[in-house]
Amino acid sequence: MSLVSLLTDLVRIPSVNPDGDPGTPHVGEGQMAEFLKVWLERAGAEAELQDVFPGRPNIVAKFPSDRPGKPKLLLAPHTDTVSVIGMTIDPFSGEVRDGKVWGRGTTDTKGPMAAMLVAIQSLGKDIATLSHEIWFAGLMGEEAGLHGSKALAARESFDFVIVGEPTGMCAVHAHKGSAWLHLTAKGRSVHASTPEAGINAIDKITEALTCLRAVFSEKTSKVHDPALGYSTLSTGIISG
């Protein structure tokens with residue numbers, strides 16, 4: 001199977017993370033995991049679906065090895081994608097146009113996943129003779145909560161892990177942690193012609209963000225990591 005044809009197959013299987021507002025009723029990684037299980041077994045692996053949440057499993061596969069005791073190398077892309085809200089194309093078309101594959105997840109991370117799988121397939125039976133025992137895991141829930149990777153880490157240990165992410169082919173050896181803040185402000189609705197008679201909750205939130213940014217900047221300006229730089233604050237969605 002070619003890289004492009006595999007990628008289009010993966011994109012056409014919706015696997016949107018259900019947290020937040022996914023923008024589609026087609027959520028969860030179950031169908032993607034089932035597809036990968038069949039693919040990996042045909043490629044010679046022992047593959048297993050490991051439920052993390054109902055209908056949202058990790059797919060974990062182990063390839064043959066010619067001797068026991070080898071260090072374990074894990075290839076670990078994630079199977080979920082972010083929301084499809086705001087997309088102006090069919091998010092699950094997998095259309096090939098202008099030298100690109102179009103659709104949600106083509107970059108993050110169904111593209112890296114397809115590259116890993118085609119590389120594995122190209123090795124054939126020689127995969128058993130490599131210096132490392134090769135494993136593959138399609139991890140659920142990476143876009144929110146990291147539930148899949150935490151579940152796998154509780155069950156298995158590996159000597160080296162390659163995580164498929166769109167890094168421009170640069171080796172990334174560290175990443176920032178994350179904290180999600182949800183701010184809620186209450187107001188009072190009035191007609192737009194008399195805003196002074198009401199309370200604008202969006203204005204409250206923007207004022208709170210201004211204060212939050214000032215405090216955040218002060219607290220983090222003295223903490224710098226040589227690889228990651230300074231901590232960052234990103235406002236993702238305001239709705240009201």
Side-chain angles (χ1 to χ4, degrees), residues 1-13 15 29-52 56-81 94 96 99-143 146 148-175:
M1 176 176 286
S2 74
L3 177 60
V4 172
S5 63
L6 176 57
L7 178 54
T8 56
D9 285 346
L10 296 176
V11 171
R12 288 168 182 161
I13 302 173
S15 56
E29 304 88 345
Q31 187 180 356
M32 176 65 65
E34 292 280 2
F35 175 90
L36 291 171
K37 183 176 187 294
V38 172
W39 197 99
L40 289 159
E41 288 174 341
R42 287 176 178 172
E46 298 177 6
E48 178 185 7
L49 299 180
Q50 299 176 357
D51 277 337
V52 180
R56 300 184 62 193
N58 285 335
I59 170 65
V60 181
K62 174 184 176 181
F63 284 86
S65 176
D66 59 1
R67 64 182 186 278
K70 288 182 181 179
K72 294 161 65 176
L73 171 64
L74 173 67
L75 303 176
H78 61 86
T79 53
D80 62 325
T81 71
V96 180
K100 300 176 181 179
V101 179
W102 296 75
R104 176 58 84 217
T106 50
T107 300
D108 189 4
T109 63
K110 295 180 180 182
M113 183 192 305
M116 288 177 170
L117 293 171
V118 170
I120 287 171
Q121 185 182 52
S122 70
L123 290 169
K125 294 183 179 180
D126 289 340
I127 198 168
T129 68
L130 298 179
S131 60
H132 287 61
E133 183 177 277
I134 305 302
W135 290 59
F136 175 93
L139 300 172
M140 58 74 67
E142 188 273 348
E143 296 292 356
L146 302 174
S149 57
K150 291 175 182 177
L152 181 59
R155 298 181 59 148
E156 300 283 351
S157 62
F158 300 93
D159 297 279
F160 198 84
V161 180
I162 299 175
V163 177
E165 286 287 341
T167 65
M169 296 303 291
C170 295
V172 175
H173 61 88
H175 65 84

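Numbering of residues begins at 1 and proceeds along the displayed sequence.
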Query raised in the report: So, for I59 and A47, which heavy atoms are closest and what is the spacing to 0.1 Å?
Result: CD1-CB, 4.0 Å
Query raised in the report: How would you list all residue pairs meeting side-chain hydrogen bond (donor to acceptor under 3.5 Å, both in side chains) that involve residues 34-47, not counting sequence neighbours?
Result: K37-E41
Query raised in the report: Are the side chains of E29 and V52 in touch, meaning some heavy atoms are under 4.5 Å apart?
Result: no
Query raised in the report: Looking at side-chain heavy atoms only, is the closest gap between F35 and L10 below 4.5 Å?
Result: yes
Side-chain donor-acceptor contacts of residues 125-134 below 3.5 Å, not counting sequence neighbours, with atom names and distances?
from: T129; atom 1: OG1; to: D126; atom 2: O; distance (Å): 2.8
from: E133; atom 1: OE2; to: W135; atom 2: NE1; distance (Å): 2.7

Report summary line: With sequence neighbours left out, the residues meeting side-chain hydrogen bond (donor to acceptor under 3.5 Å, both in side chains) with E156 are K72
Query raised in the report: Excluding sequence neighbours, so at least two apart, what forms side-chain hydrogen bond (donor to acceptor under 3.5 Å, both in side chains) with Q31?
Result: none
Query - From CG (L139) to NZ (K150), nearest 0.5 Å - result: 12.5 Å
Query raised in the report: What's the spacing between M113 CE and L7 CG if we round to 0.5 Å?
Result: 10.0 Å
Query raised in the report: Do you know which two heavy atoms are closest between P57 and G30, and how far apart they sit?
Result: CD-CA, 3.8 Å
Report summary line: Shortest non-hydrogen pair, P166 vs P112, comes out as N-CG, 4.4 Å
Query - Set of side chain to side chain contact (heavy atoms under 4.5 Å, CB included) partners for A115, sequence neighbours left out - result: L3
Requested in this report: Not counting sequence neighbours, which residues clear side chain to side chain contact (heavy atoms under 4.5 Å, CB included) with E143? List them please.
Outcome: N17, H78, D80, V82, D108
Report summary line: Rounded to the nearest 0.5 angstrom, the CZ-CG distance for R155 and L152 is 8.0 Å
Report summary line: For S2, the side-chain hydrogen bond (donor to acceptor under 3.5 Å, both in side chains) test, sequence neighbours excluded, returns S5
**Report entry** side chain to side chain contact (heavy atoms under 4.5 Å, CB included) against R67, all qualifying residues, sequence neighbours excluded
**Finding:** K70
Requested in this report: Taking all heavy atoms of G103 and all of V11, pick out the closest pair and write down the distance.
Outcome: CA-CG1, 3.8 Å
Requested in this report: With sequence neighbours excluded, tell me which residues meet side chain to side chain contact (heavy atoms under 4.5 Å, CB included) with T81.
Outcome: S15, V16, R104, K110
**Report entry** Point-to-point distance, once rounded to the nearest 0.5 Å, from CD of Q121 to CE of M116
**Finding:** 15.5 Å
Report summary line: For P77 and T109 the tightest heavy-atom approach is CB-OG1, 3.8 Å
**Report entry** G148 backbone acceptor or donor facing N58 side chain under 3.5 Å
**Finding:** yes
Requested in this report: Return the minimal non-hydrogen interatomic distance between G94 and T8, and the atom names on each side.
Outcome: O-CG2, 3.1 Å
Report task. Flag the pair L40 / L117 as yes when at least one side-chain heavy-atom distance between them is below 4.5 Å, and no otherwise. Result -> yes
